[in-house]
There are 2 protein chains.
Amino acid sequence: MKFSKATNYALHTMLFLVKAETDKPIGVQQLAESQDVSPTYLSKILTKLVKARLIDSISGAQGGYKLSRNRDEINFLDIIHAIEGTASLFECDFHHNNGCLIQAEIKNAEEKMNEHLRKTKLIDLVKKELRLS
Amino acid sequence: MKFSKATNYALHTMLFLVKAETDKPIGVQQLAESQDVSPTYLSKILTKLVKARLIDSISGAQGGYKLSRNRDEINFLDIIHAIEGTASLFECDFHHNNGCLIQAEIKNAEEKMNEHLRKTKLIDLVKKELRLS
DNA sequence: TATATTATAGATATTGTAAGTCTACGATTA
DNA sequence: TAATCGTAGACTTACAATATCTATAATATA
Ligand code: SF4
Ligand code: SF4
């Protein structure tokens with residue numbers, strides 16, 4: 001069980017955008033170069049972030065992507081959910097008594113993780129990096 | 001990102017063994033029937049649990065599997081780790097500054113989940129089921 | 001001791017999903 | 001209108017999970 005590489009790309013892109021001072025859109029070309037990934041593939045991933053309303057896309061010349069929200073609201077969980085989906089880590093084909101205790105327990109555990117990912121903002125990392133440098 | 005079906009089988013098998021009153025080993029045949037999975041495949045999974053010292057295997061006639069520890073010590077995390085491995089949910093090829101903040105933050109979150117899975121014992125579920133029935 | 005029973009290990013096949021590419025299209029700017 | 005840039009869908013590739021098959025080793029018991 002692992003987060004996909006796509007999630008990794010998404011996190012790094014979002015971090016890049018949070019760090020960027022400008023309001024101007026940034027092209028996928030530039031975003032892809034900084035991560036050694038093909039632009040077309042990254043584009044596909046970023047479209048998911050657009051649909052999750054985390055970023056806006058601007059077509060045409062001088063277009064690109066930019067944050068659609070306040071930079072200090074962006075947390076890890078929203079990004080991860082945009083890419084990985086929001087289904088539980090534990091699914092079972094037999095929906096036994098729909099009061100399945102195994103599933104309930106694992107969902108509880110998962111929610112502990114999600115709480116932490118929700119309250120951790122990307123901006124926190126940027127601030128921490130500054131302090132360490 | 002999902003737990004594998006193998007983990008599902010492992011959890012159910014362990015729950016089965018915890019519920020079983022007997023000390024006698026239970027054959028993979030019987031364990032597989034209760035889950036609609038082929039005995040040879042389940043056997044392969046159970047071998048991982050043996051190597052993780054969660055259960056003991058007894059070869060030969062009247063052989064099978066039985067718990068190797070006290071039934072009320074068995075928690076979710078040990079089983080999951082035995083099957084899925086203990087690597088972090090988030091791996092990155094570039095080991096940048098080995099003080100990577102992204103990885104650190106996700107590991108923190110993961111540890112919250114693990115704490116919960118560690119403190120939740122299978123026996124808790126059995127007790128809860130009894131109370132509900 | 002011989003036979004039936006049971007787990008183990010390795011080779012192999014199958015399936016499914018992630019990862020990545022390619023191309024035609026639509027939107028925007030200059 | 002031409003160059004730029006994101007979108008969408010079909011497609012391929014790569015790889016790990018899932019599963020099967022078979023030979024072998026260990027044990028009980030008749
Ligand atoms: S008990 Fe829960 S996890 Fe197990 S088979 Fe039933 S629904 Fe699935
Ligand atoms: S910052 Fe961390 S996660 Fe990102 S590439 Fe470097 S090591 Fe990997």
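Keep in mind that the numbers below use all heavy atoms, side chains included, and drop hydrogens, waters and symmetry copies. Residue numbers start from 1 in every chain, and the chains themselves are labelled A, B, ... in the order their sequence lines are given, proteins ahead of strands.
For A/Lys51 and D/dA8, the shortest distance from a side-chain N or O to OP1 or OP2 is below 4.0 Å. The side chain of A/Ser38 places no N or O atom within less than 4.0 Å of a non-bridging phosphate oxygen (OP1 or OP2) of C/dG20.
Within a 6.0 Å sphere centred on CZ of B/Arg69, other residues, nucleotides and ligands contribute more than 12 heavy atoms. No more than 12 heavy atoms of other residues, nucleotides or ligands sit less than 6.0 Å from atom CG of A/Asp36. For B/Lys128, the NZ atom counts as loosely surrounded, since its 6.0 Å shell holds 12 or fewer non-hydrogen atoms of other residues, nucleotides or ligands.
Atoms NZ and CG, on B/Lys119 and B/Asp124 in that order, are 10.5 Å from each other to the nearest 0.5 Å. The line from CG of A/Asn75 to CD1 of A/Ile123 is 12.5 Å long, rounded to the nearest 0.5 Å.
The distance from atom CD of A/Glu91 to atom P of C/dG16 is 17 Å, rounded to the nearest whole Å. In this structure, CG of A/Leu42 is placed 11 Å from P of D/dT7, rounded to the nearest angstrom. When the C1' atom of D/dA16 is taken as reference, atom NZ of B/Lys5 falls 15 Å away, rounded to whole Å. In this structure, B/Lys24 atom NZ and C/dA7 atom P are separated by 16 Å, rounded to whole Å. Between the CG atom of B/Asn8 and the P atom of D/dA17 there is a distance of 15 Å, rounded to whole Å. Taking atom CG on B/Leu46 and atom P on C/dT6, their separation rounds to 15 Å, with Å as the unit. For B/Tyr41 and C/dG10, the OH to C1' distance is 16 Å, given to the nearest whole Å. Here the P atom of nucleotide C/dG20 and the NZ atom of A/Lys48 are 13 Å apart, to the nearest Å.
Counting non-hydrogen atoms under 4.0 angstrom, B/Tyr9 reaches the backbone sugars and phosphates but no base. Looking at heavy-atom distances under 4.0 Å, A/Thr47 makes contact with sugar-phosphate atoms alone, never a base. At the heavy-atom level, A/Ile58 lies under 4.0 Å from the strands shown only through sugar-phosphate atoms. In this structure, B/Gly63 reaches the sugar-phosphate backbone alone: every heavy-atom distance under 4.0 Å involves primed, P, OP1 or OP2 atoms, never a base.
The side chain of B/Ala61 lies closest to D/dA28 when the candidates are D/dA28, C/dT29, C/dA19. With D/dA28, C/dA19, C/dT29 as the choices, the nucleotide that has an atom nearest any side-chain atom of A/Gln62 turns out to be C/dT29. Checked against D/dT22, D/dA28, D/dT7, the side chain of B/Thr40 finds its nearest nucleotide in D/dT22. The side chain of A/Ser4 lies closest to C/dA19 when the candidates are D/dA8, D/dA28, C/dA19. Picking from C/dT29, C/dT21, C/dA7 the nucleotide with the shortest atom distance to the side chain of B/Ser57 gives C/dA7. Which of D/dG6, C/dA30, C/dA19 sits closest to the side chain of A/Tyr65 comes down to D/dG6. Across D/dT18, D/dT4, C/dA7, the shortest atom-to-atom separation from the side chain of B/Val28 is found for C/dA7.
For B/Lys44 against C/dG10, a side-chain-to-base donor-acceptor contact under 3.5 Å is present.
For the pair A/Ile26 and A/Met1, both in contact range of DNA chain D, the more 5′-proximal nearest nucleotide belongs to A/Ile26.
A donor-acceptor pair is defined here as one N or O able to donate and one able to accept, closer than 3.5 Å; such a pair exists between the side chain of A/Ser34 and the backbone of A/Leu31.
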